[in-house]
2 protein chains.
Amino acid sequence: MKYKKTYRHSRQRDVILEELRKVCAHPTANTLYGMVRKRLPRISLGTVYRNLDLLAEQGEIVKFPCAGGQTCFDGNPKKHAHMRCTQCGRLIDIESKITVSYNNPVTDEYEITSHRVELFGLCAKCKNKQQPFNQ
Amino acid sequence: MKYKKTYRHSRQRDVILEELRKVCAHPTANTLYGMVRKRLPRISLGTVYRNLDLLAEQGEIVKFPCAGGQTCFDGNPKKHAHMRCTQCGRLIDIESKITVSYNNPVTDEYEITSHRVELFGLCAKCKNKQQPFNQ
DNA sequence: GTAAATGCAAATTGTTTGCTTACTG
DNA sequence: CAGTAAGCAAACAATTTGCATTTAC
């Protein structure tokens, strides 16, 4: 049995969380690294990753596996809807109220405990541009 | 303006698609590589990746960015629901009928064109096991 | 015959880990 | 002062790419 880990406070973690909360985008670890480095020039990328994992573990932030194999981070843990732009790939927070219903049969096969909806569409920028070249 | 690419037929692509369609799991490129190699021992992993991209481009299969930075592939392009097991991480096809509703405001900000629901829960195996150690 | 697809290996990219030092509680 | 966190660099793993050769149309 594993013991519960105790967390200690760190300036780096504070800054990472602050910077992530500051933006409404969903930056990757590397993007965030760039942002944080402006305030803490000596921070290392490894620290950013470690803290992002830790913050996600604590439920302070949310990790998103994204297309292209990168992980994006959302600093806003309260539920809100997302839309992925099918043109540029960005993840956009949207206002839309979503309702999901599904039948959740009581069975030994599986048990559904929660859900997430991902919406796809066009973001403002791409919507107002003409289509890019084929592909 | 980019010209439309013309596809040529290849045995490797056929086998990759066949093997992917054969299973109801959602293998990674590497897993699929193992499956395909039984029939085409000389195929290379690069070819598998190239063909999976190409098949996804054609809409024959679907790519899933997964937690852990891997991409999973679904050979069954007709819509069906998925559940991700929060314990073991596998993606399970489920029977549940899902209905999603959301308001899709007509605005310049964005335009929603489609959606996907991801369900989370426990798969049969994990449901019938006791919890693993903390964390 | 031309362009697309393959096999192979090397390169790239995102992420994790090991280790020593610094810092928190 | 015990154990967590940082910084740095090396290691890893998934995926992509360059190139010479083969294959499809």
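In what follows, chains carry the letters A, B, and so on, assigned in the order in which the sequence lines appear, proteins first and then strands, with residues in each chain numbered from 1. Any value given below was found using the heavy atoms of this structure, including those in side chains, with hydrogens, waters and symmetry copies removed.
Taking atom OH on Tyr49(A) and atom P on dA11(D), their separation rounds to 19 Å, with Å as the unit. Distance CG (Leu55(A)) to C1' (dA6(D)): 15 Å, rounded to an integer number of Å. The CG-P distance, from Asp14(B) to dT6(C), rounds to 10 Å in whole Å. The separation between Gln58(B) atom CD and dA4(C) atom P is 14 Å, rounded to whole Å. Residue Tyr33(A) contributes atom OH, which lies 14 Å from atom P of dA6(D) at whole-angstrom precision. Separating the CG atom of Asp53(A) from the P atom of dT17(C) is a distance of 9 Å, rounded to the nearest angstrom. Following rounding to the nearest Å, Arg11(A) (CZ) and dC23(C) (C1') show an atom-to-atom distance of 15 Å. We find that CZ of Arg37(A) is positioned 13 Å from C1' of dG7(D), with the value rounded to whole Å.
In this structure, of dA5(C), dT15(D), dT16(D), it is dT15(D) that holds the atom nearest to the side chain of Thr71(B). Nearest nucleotide to the side chain of Gln12(A), out of dT15(C), dG7(D), dG14(C): dG7(D). Residue His9(A) has its side chain nearest to dG25(C) when only dG25(C), dA5(D), dG7(C) are considered. Closest to the side chain of Arg8(A), from the set dG7(D), dG7(C), dG3(D), is dG3(D). When distances are taken from the side chain of Ala29(A) to each of dC8(C), dA6(D), dT15(C), the shortest belongs to dT15(C).
Comparing Arg50(A) and Leu45(A) against DNA chain C, the residue whose closest nucleotide sits nearer the 5' end is Leu45(A).
Arg42(B) comes within 4.0 angstrom of the backbone, heavy atoms only, and of no base. Among the protein residues, Asn51(B) comes within range of the sugar-phosphate backbone only, with heavy atoms under 4.0 Å from sugar or phosphate atoms but none that close to a base. Note on Thr47(A): a base of the nucleic acid sits closer than 4.0 angstrom, heavy atoms only.
Atom CG of Leu20(B) sits about 11.5 Å away from atom CG of Asn51(B), to the nearest 0.5 Å.
Side-chain N/O atoms of Ser10(A) include none lying less than 4.0 angstrom from OP1 or OP2 on dC23(C).
Not a single donor-acceptor pair under 3.5 Å links the side chain of Arg13(A) to the backbone N or O of Leu52(A).
The pair Lys22(B)-Glu19(B) meets the salt-bridge criterion, with a side-chain N (NZ, NE, NH1 or NH2) lying under 4.0 Å from an Asp/Glu carboxylate O.
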Let me see the working for Phe73(B) and Val62(B) under side chain to side chain contact (heavy atoms under 4.5 Å, CB included), right down to the final yes or no. CA-CA 6 Å; Phe73(B) 296 86; Val62(B) 176; over 6 Å; no
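For the 3.5 Å distance criterion, the side chains of Tyr7(B) and Glu57(B) qualify, holding a donor opposite an acceptor.
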